[in-house]
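Lettering follows sequence order; numbering is per chain, from 1.
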There are 2 protein chains.
Amino acid sequence: MRIGELAKAAESDVDTIRYYEKIGILPKPARTDGNYRHYGEQHTERLRFVRRCRSLDMTLDEIRVLLQFRDAPDADCAEVNNLLDEHIGHVSARIAALTHLEKELRSLRRQCRSVQRAKDCGILVEIGKNTSASAPAKNKAAKRHITGTH
Amino acid sequence: MRIGELAKAAESDVDTIRYYEKIGILPKPARTDGNYRHYGEQHTERLRFVRRCRSLDMTLDEIRVLLQFRDAPDADCAEVNNLLDEHIGHVSARIAALTHLEKELRSLRRQCRSVQRAKDCGILVEIGKNTSASAPAKNKAAKRHITGTH
DNA sequence: CTTGACCCTGGAGTGGCTCCAGCGTTTTAA
DNA sequence: TTAAAACGCTGGAGCCACTCCAGGGTCAAG
């Protein structure tokens with residue numbers, strides 16, 4: 001199987017596959033005479049595993065941990081459970097933060113009902129006030145996880 | 001006012017201020033004889049405005065638009081309202097996606113109740129299945145906004 | 001006159017890709 | 001047989017919004 005076929009089989013992208021190889025998420029495959037990467041079925045399964053984890057919004061570092069367990073079938077899986085619990089915690093914390101944000105935004109939106117000149121726009125006036133809302137997370141502890149909506 | 005004082009006054013960070021200057025969010029300030037940046041009260045207000053927008057999770061491009069209106073008091077503010085409406089849309093879409101994700105994760109977590117060997121761990125088994133969940137957004141249209149929980 | 005706090009610039013690093021130029025290889029069709 | 005299209009290769013830059021650093025300069029207090 002060549003890289004394009006693998007990409008289709010695992011619903012991925014050739015650039016992403018090469019990137020995963022570079023950072024060690026996927027092993028270096030064999031090469032054909034023409035220097036094309038040559039993949040087998042276990043590559044598909046591994047990549048699918050990775051993509052499924054990414055679709056669950058895990059970081060590549062988290063996925064690296066899970067892959068270790070996948071590669072060590074007799075290891076104790078407690079860490080897997082912990083990793084997932086923590087990840088769930090991050091996601092629900094992010095939901096709470098965004099829900100709060102949405103309320104703030106809707107309240108801000110209510111400040112300007114009609115089209116008018118910018119200097120009278122309730123939204124711009126309100127943002128300009130000194131009501132210092134909590135800034136986005138920027139301390140080192142919080143920085144690892146769950147930032148940004150964009 | 002020097003850059004450190006401005007940072008405190010606007011609950012920002014000196015590096016961030018220099019970054020905003022570099023990309024044109026803040027104007028280049030006057031300099032002292034010793035080449036220190038020298039700021040006045042309107043710099044504080046502008047920076048506070050920017051930080052408040054960032055705390056509302058707007059992108060710097062969105063903020064650039066809002067700043068234009070702040071600088072043009074007689075302009076029609078309809079675009080401000082639209083920008084905010086769109087932003088609210090992005091945030092609530094992200095909340096919906098994360099809520100769905102949380103459900104998936106909790107269901108996955110239920111697959112492994114007890115500590116056991118990795119090869120029997122319901123979580124790893126489940127992730128390895130071919131139940132291809134929708135991958136994270138990667139088309140060009142969706143890419144502009146609201147991606148990533150980390 | 002030294003110490004320490006503050007400031008300067010330019011550049012690199014973060015995550016997880018994505019896109020590109022400028023090539024080489026393989027497949028398809030005429 | 002040959003031309004074109006499709007696919008692959010590498011190395012590097014770019015995205016966002018910062019953050020951190022090295023290696024220096026400036027300034028106020030003691």
Inset, instruction - Check A:Leu67 against A:Ile25 and note the closest heavy-atom contact, atom names and distance. - result: CD1-O, 3.9 Å
Inset, instruction - Please report, rounded to the nearest Å, how far the C1' atom of C:dC8 is from the NE2 atom of B:His38. - result: 17 Å
Inset, instruction - Any chance you could list the contact pattern along nucleotides 24-30 of chain D? Use B for base contacts, S for sugar-phosphate-only contacts and - for none, protein heavy atoms under 4.0 Å, 5' to 3'. - result: -BBS---
Inset, instruction - In sequence, state the C-alpha distance, the side-chain angles, and the governing distance for B:Cys77 and A:Asp120, and then conclude on side chain to side chain contact (heavy atoms under 4.5 Å, CB included). - result: CA-CA 9 Å; B:Cys77 80; A:Asp120 302 317; over 6 Å; no
Inset, instruction - Using whole Å, report how far CG of B:Asp57 lies from P of D:dC16. - result: 15 Å
Legend entry - A:Glu102/B:Arg94 salt bridge by N-O under 4.0 Å criterion: no
Legend entry - Nucleotide-level pairing of DNA chain D, given in dot-bracket where Watson-Crick and G-U pairs need both distances under 3.5 Å and | marks other strands: ||||||||||||||||||||||||||||||
Inset, instruction - Using atom CZ of B:Arg64 as one end and atom P of D:dA17 as the other, report the distance to the nearest whole Å. - result: 9 Å
Legend entry - Short N-O contact, A:Lys129 and A:Glu126, less than 4.0 angstrom: yes
Legend entry - Single-linkage hydrophobic cluster A:Tyr36~A:Leu6, side-chain heavy atoms < 4.5 angstrom: no
Inset, instruction - Write down the distance between NZ (A:Lys28) and P (D:dG8), rounded to a whole number of angstrom. - result: 19 Å
Inset, instruction - Take the protein atom CE of A:Met1 and the nucleotide atom P of C:dT26, then report the distance between them rounded to whole Å. - result: 18 Å
Inset, instruction - Answer yes or no: does a side-chain N or O of B:Arg37 lie under 4.0 Å from OP1 or OP2 of C:dC7? - result: no
Inset, instruction - Please report, rounded to the nearest Å, how far the P atom of C:dG16 is from the CD1 atom of A:Ile63. - result: 8 Å
Inset, instruction - Give me the residues of residues 14-24 of chain B where at least one heavy atom lies under 4.0 Å from an atom of DNA chain D, by number, or none. - result: B:Asp15, B:Thr16, B:Tyr19, B:Tyr20
Inset, instruction - Would you mind reading off the distance between A:Ile3 atom CD1 and D:dT10 atom C1', rounded to a whole angstrom? - result: 12 Å
Inset, instruction - Test side chain to side chain contact (heavy atoms under 4.5 Å, CB included) on A:Phe49 and A:Leu66 and set out the steps. - result: CA-CA 9 Å; A:Phe49 183 93; A:Leu66 294 185; 4.0 Å; yes
Inset, instruction - Please report, rounded to the nearest Å, how far the C1' atom of C:dT9 is from the CZ atom of B:Arg31. - result: 9 Å
Legend entry - Closest approach of B:Asp76 to B:Phe69 (non-hydrogen atoms, all atoms of both residues): O-CE2, 3.1 Å
Inset, instruction - Might you confirm whether atom CZ of A:Arg117 has over 12 heavy atoms from other residues, nucleotides or ligands at distances under 6.0 Å? - result: no
